[in-house]
Amino acid sequence: MSNIESWDWESKEKMLADTAEWKDRFEDVWEPYISSDGEKIASIIKIGEGEFNICVNGNTWEEPFEKMWYSRFSPDGRLTALISKDAEWTMAVDGVALEETYEYIWDTKFSADGKTIVAIVKQDGVYGMLVNGKVWECPVKLESIASHAISPDGNTVAAIAQTVPLGQADLDGFLKGTWSVVVNGKPWNDNFVGIYGLAISNDGKKVAAEYRAAICEYGIVVNGNPWIEKFGCTWEPVFHPDKSDEIIVPVRQAGQWFLAKNGRIVWDKGFFSLLYQTYSPDGNNIAVAVAPQFGKWTVAVNGQPWSVTFGECVQKPCFSPDGRKVAVIAKDSGKWLLVVDGAVLGEGYDNIWQPVFSPDGDKVICKVEKNGKYAVAVNGEIRGKNYEALWNPVISPDGTRAMICGVESGRYYRKVVSLSNI
Amino acid sequence: MKPTIVKREPVVDEALDQCEARLTEEQIEKVVNEVIDKETGGRLWTYVNTCIHCGLCAEACHWFLSNDRDVSYAPVTKVKDTIWVLLEKKGKVDGAFIKRCSEIAHTECNLCRRCGMYCPFGIDIAYMLLVVRRICAKLGMVPLYLQDTVHSHAATMNQMWVKPDEWIDTLQWQEEEGQGFVPSARLPLEKEGADIMYSVIGPEPKFLAQLLGNITVIMKVAGLDWTMPATAGWDNSNMAMYSGDFEIMARVERLHHETAQRLKVKRIVMGECGHAFRGAEYDGPTWMGWMKPPIPIVHAISFYYDLIKSGKIKIAKKAKGPITVQDPCNVVRNGGLGDKLRYIMNAVCEDFVDVTPNNRYNYCCNAGGGVINVGPPWKKKRVQGNRIKAEQFKRTGAHTIVTPCHNCHSGIEDIVDFYKLGMHVKFFSDILIEAMEIPEHLKPKEE
């Protein structure tokens, strides 16, 4: 969250927009997005045939566009959208379109502070990364870009890219390697059969990914250097939060999944499935989603699975700020459940969004959905009113308050409530 | 055991030929035993040891029936000539044998599971042939065009080498096409919290984009809250499941299911495809360790059944008959949607003429199971291997065949062409879009 300390944590309630009224003003109003600080709500609007604009807190941008999509706020509060003008595409930021246009543009992402904005572009059949309005200069022609990642400080942008052209049904060419990773415009020396699961260390110095060496042979490559160890399958690598030379990865051997650290299996226990490895904020603990048996899912913390299991799935675990507690969203018998340290909190819901811990770990709050309405749940229990639309609550840096943003009777409210009162 | 007399016209598939030349007997033995010892268990041995070689399965197989009851096409022969030998010889076979295994498992069996219904013991013969495919895939012995399709899945997470921008651009184009029917229709991209994520198979954006326009209109008329992803994970198809590359199969399925979870939808509704349903509902989740998909999957047949039955879609003008239907194996025989399929066919057709045999007992289209994906070298054998399907359709006297599955659609088009049946082949949504009522307030305004 960018500049979270400077957000308005004092105003108890602000009604910032009457979004119901937008529906009378415009031909069509798309789903809304809000800024990180909750101060702005925006929707793409249709104002006529081939004429789109964006409405932010009731005000539209000066210039409409032929097409618009993917409106997203940067963490520093700027509103971006992908727009088409004279049948060419580009990005507009706070209503101003970039001068350069492209055949296509997509997948906008931001650095943690919002200062760096990136997207993938295609021009004249060549793919590239647009970083703060400038396309990478890359020594090889990129045939495609599958996905990209950005370091928290925005200084490192990496992309999984096809660096070698491939003819139709060219099996040998494919197995020689046509994919690589391009970091800030510079491709790694080697090409691979496949690249997946791109990750950048928090300091931006290391880039890691899964690579496919052969039909059923996978490994991890870091800054272009493959691990010696190869496995039957892998999932995406994750860096230690502070140590960029420590990487954990799920790996498959002899039909079981294990957690490997820097190529070596760290827990002696194998699982039917293992996903979503997560470090605690201090990096001292690791939680993963595991299936000790087929169809039974739980969380293992430092290799020890919880005793409770869930029949459908568990999602990515999250640690409390002090690293002592772990929360996860699980699904069982058709209901989504909030689980903390192996105990189900509250009842089941139709949907649960990613939980957030209070600084002391005592409270875990999240957005939940029940019967088509949204509410805030604290330790699994709904508190307060229902909303037509709601965003996940944000806890203030001092841990005393929560920002709750939602739409009631068509009106968008930003509220700050005391954590002790909800 | 007597050797099988096999009479086939030679087919050149350079991937198989090159692999045969490359493989060593040591490699083969290692992979065969790895797969048998580490990836199979009681299920395989029970099937192998239970079979009494009665041959009743032969009567079930469209390959056997269409090839004048040539016993070399009987399911029991297909296992006798592949997995039985691999087990008996403990993998000590040569490259030529593995090549023949691939020809049998990848090009002469659709894994349609009709034979299992005729086996007195209910042996899932298709499973044994899938084990053979797995061995072949790990050895690189996969027909050229099927392997290329799997490479597409591996590189792009879709079946047709569709690049990310091509996908999104096609959706935006088809949204405009849909607006030609219903001006207020929208194809919402990346709408978190929508009720439905709609997913399709690779050929839709590549060759059959009108189906995306159709669904844009149908969703609007039905008043549904839906979305489609603007990222990889949109393709629900999975030819890696059929080549035997289960790691790529799982990667594709995981992404599809996680995309639905990321978008926080309640259900995934999928277009008209049979094998994709199998991959997304059964094979993918099973490999991942999920008892069932984390977000429920609804096949197009069930989806349209609910829309018509509930009155969310009303029929204004039924299609003129006679019209018949193809029961896709993976959603009818193996998914139980045959009655719902007949309900929706009767709802939109004035004169629906059923096939015989039908429903769970229907014959496979002979394109499924990855068999159409083995490509042009094998096409002649494929269409000749489903003469009974052509005869079955001819008996209906229909002018149109509805195929709620992409593989069925392509395979039956080939059969219609080869046997000169003079019939049209359509998806159900093609018929529905013409038959459904578009409420007055949604129609384009007169100029």
Side-chain angles (χ1 to χ4, degrees), chain A residues 27-28 30-31 49 67 69-70 103-107 120-122 127 143-147 162 166 168-172 174-175 178-179 193-194 196 212 214-216 218 232-233 235 252 254-255 257 271-273 275 291 293-297 311-313 315 331 334 350-351 353 369 374 389, chain B residues 14-15 18 34 38-39 137-140 142 144-145 147-148 150-151 154-157 161 163-166 168-169 172 176 183-184 186 188-194 227 230-232 245-248 250-251 254 257-258 261 264-266 285-296 375:
Chain A
E27 196 173 304
D28 196 13
W30 293 9
E31 57 282 0
E49 189 61 37
K67 292 179 188 169
W69 76 291
Y70 211 72
E103 278 175 41
Y104 208 73
I105 179 168
W106 70 102
D107 204 5
I120 311 173
V121 294
K122 178 187 171 189
Y127 291 76
E143 304 283 332
S144 183
I145 292 180
S147 65
Q162 187 185 342
L166 184 69
Q168 285 190 339
D170 180 0
L171 303 190
D172 289 341
F174 186 83
L175 290 176
T178 56
W179 290 82
V193 178
Y196 311 101
R212 188 181 186 204
I215 291 287
C216 291
Y218 296 79
C233 194
W235 297 133
R252 194 163 196 256
W257 283 93
F271 297 93
F272 191 96
S273 203
L275 296 164
Q293 299 170 47
F294 173 71
K296 290 183 184 294
W297 285 86
E312 295 186 43
C313 70
Q315 298 187 333
K331 195 176 186 196
D350 300 337
N351 241 331
W353 274 253
E369 181 183 359
Y374 304 92
Chain B
E14 60 184 73
Q18 287 171 9
E34 262 177 15
K38 294 177 183 165
E39 299 187 30
K138 289 192 87 167
L139 288 165
V142 177
L144 175 66
Y145 288 96
Q147 186 63 66
D148 183 60
V150 176
H151 286 341
T156 66
M157 295 289 123
W161 297 100
K163 294 181 178 180
D165 54 303
E166 295 166 346
I168 308 165
D169 200 18
Q172 291 173 330
E176 290 177 359
S184 58
R186 188 181 158 217
L189 292 170
E190 291 289 315
K191 185 181 175 188
E192 188 190 283
T227 190
T231 61
D245 187 341
F246 299 151
E247 290 77 9
I248 291 297
R251 192 173 291 276
R254 181 187 165 198
H257 289 290
E258 288 185 347
Q261 290 179 64
K264 308 296 283 184
V265 298
K266 307 282 191 320
T286 300
W287 202 93
M288 288 299 300
W290 293 319
M291 187 75 78
K292 56 185 180 180
I295 305 288

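Chain letters run A, B, ... following the sequence lines, proteins first and then strands; every chain starts at 1.
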Chemist: Side chain, backbone, both or neither: which part of A:Y104 has an atom under 4.5 Å from a heavy atom of chain B?
Modeler: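 Answer is side chain: those atoms of A:Y104 sit under 4.5 Å from chain B.
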
Chemist: Report the option among A:Q315, A:R252, A:E143, A:Q293 that has the most heavy-atom pairs separated by less than 4.5 Å from atoms of chain B.
Modeler: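 Sorted descending by pairs with chain B, the first entry is A:R252.
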
Chemist: Please find the pair of heavy atoms, one from B:P294 and one from A:E312, that lie closest to each other, and give the distance.
Modeler: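 Where B:P294 meets A:E312 most closely, the heavy atoms are O-OE1, 4.3 Å.
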
Chemist: Without swapping roles, check the side chain of A:K331 against the backbone of B:I295 for a donor-acceptor pair under 3.5 Å.
Modeler: no

Chemist: Are there over 12 heavy-atom neighbours, none belonging to A:Y70, within less than 6.0 Å of that residue's OH?
Modeler: yes

Chemist: Does A:F294 reach the side chain of B:T286, with side-chain heavy atoms less than 4.5 Å apart?
Modeler: yes

Chemist: Do B:Q147 and A:F174 make a side-chain contact, defined as non-hydrogen atoms from C-beta onward lying under 4.5 Å apart?
Modeler: no

Chemist: Please report the shortest heavy-atom distance between B:A230 and A:W69, naming the atom on each side.
Modeler: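 It is CB-CZ3, 3.7 Å.
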
Chemist: Which heavy atom in B:R251 sits nearest to a heavy atom in A:C233, and how many Å separate them?
Modeler: NH2-SG, 4.2 Å

Chemist: Which class fits the ring pair B:W287 and A:W257: parallel under 30°, tilted 30 to 60°, perpendicular over 60°?
Modeler: perpendicular

Chemist: Identify the two heavy atoms, one from A:A169 and one from B:D148, that lie closest to each other, and give their separation to 0.1 Å.
Modeler: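 Distance-wise, the nearest heavy atoms are CA-OD1, 3.3 Å.
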
Chemist: The criterion is side-chain hydrogen bond (donor to acceptor under 3.5 Å, both in side chains); which residues satisfy it with B:R186, sequence neighbours excluded?
Modeler: A:E31

Chemist: Tell me, for B:A137 versus chain A, whether the close heavy atoms (under 4.5 Å) come from the side chain, the backbone, both or neither.
Modeler: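 B:A137 touches chain A through backbone heavy atoms alone.
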
Chemist: Tell me if a side-chain donor or acceptor on A:W353 pairs with a main-chain N or O of B:K264 at a distance below 3.5 Å.
Modeler: no

Chemist: At their closest point, which heavy atom of A:W297 faces which heavy atom of B:G289, and how far apart are they?
Modeler: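 Distance-wise, the nearest heavy atoms are NE1-O, 2.9 Å.
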
Chemist: With A:K67, which residues qualify under side-chain hydrogen bond (donor to acceptor under 3.5 Å, both in side chains), at least two apart?
Modeler: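 Residues passing side-chain hydrogen bond (donor to acceptor under 3.5 Å, both in side chains) with A:K67: B:E176.
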
Chemist: Could you look at A:D350 and say if it's the side chain, the backbone, both or neither that has a heavy atom under 4.5 Å from chain B?
Modeler: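 Interface part for A:D350: both.
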
Chemist: What part of A:D28 lies closer than 4.5 angstrom to a heavy atom of chain B: side chain, backbone, both or neither?
Modeler: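 A:D28 touches chain B through side-chain heavy atoms alone.
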
Chemist: Quick one: what part of A:I105 sits under 4.5 Å from any heavy atom of chain B, side chain, backbone, both or neither?
Modeler: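 For A:I105, neither part sits under 4.5 Å from chain B.
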
Chemist: In terms of heavy-atom proximity below 4.5 Å to chain B, should A:E369 be classed as side chain, backbone, both, or neither?
Modeler: side chain

Chemist: How far apart are the closest heavy atoms of B:M291 and A:G311, and which atoms are they?
Modeler: CB-O, 3.7 Å

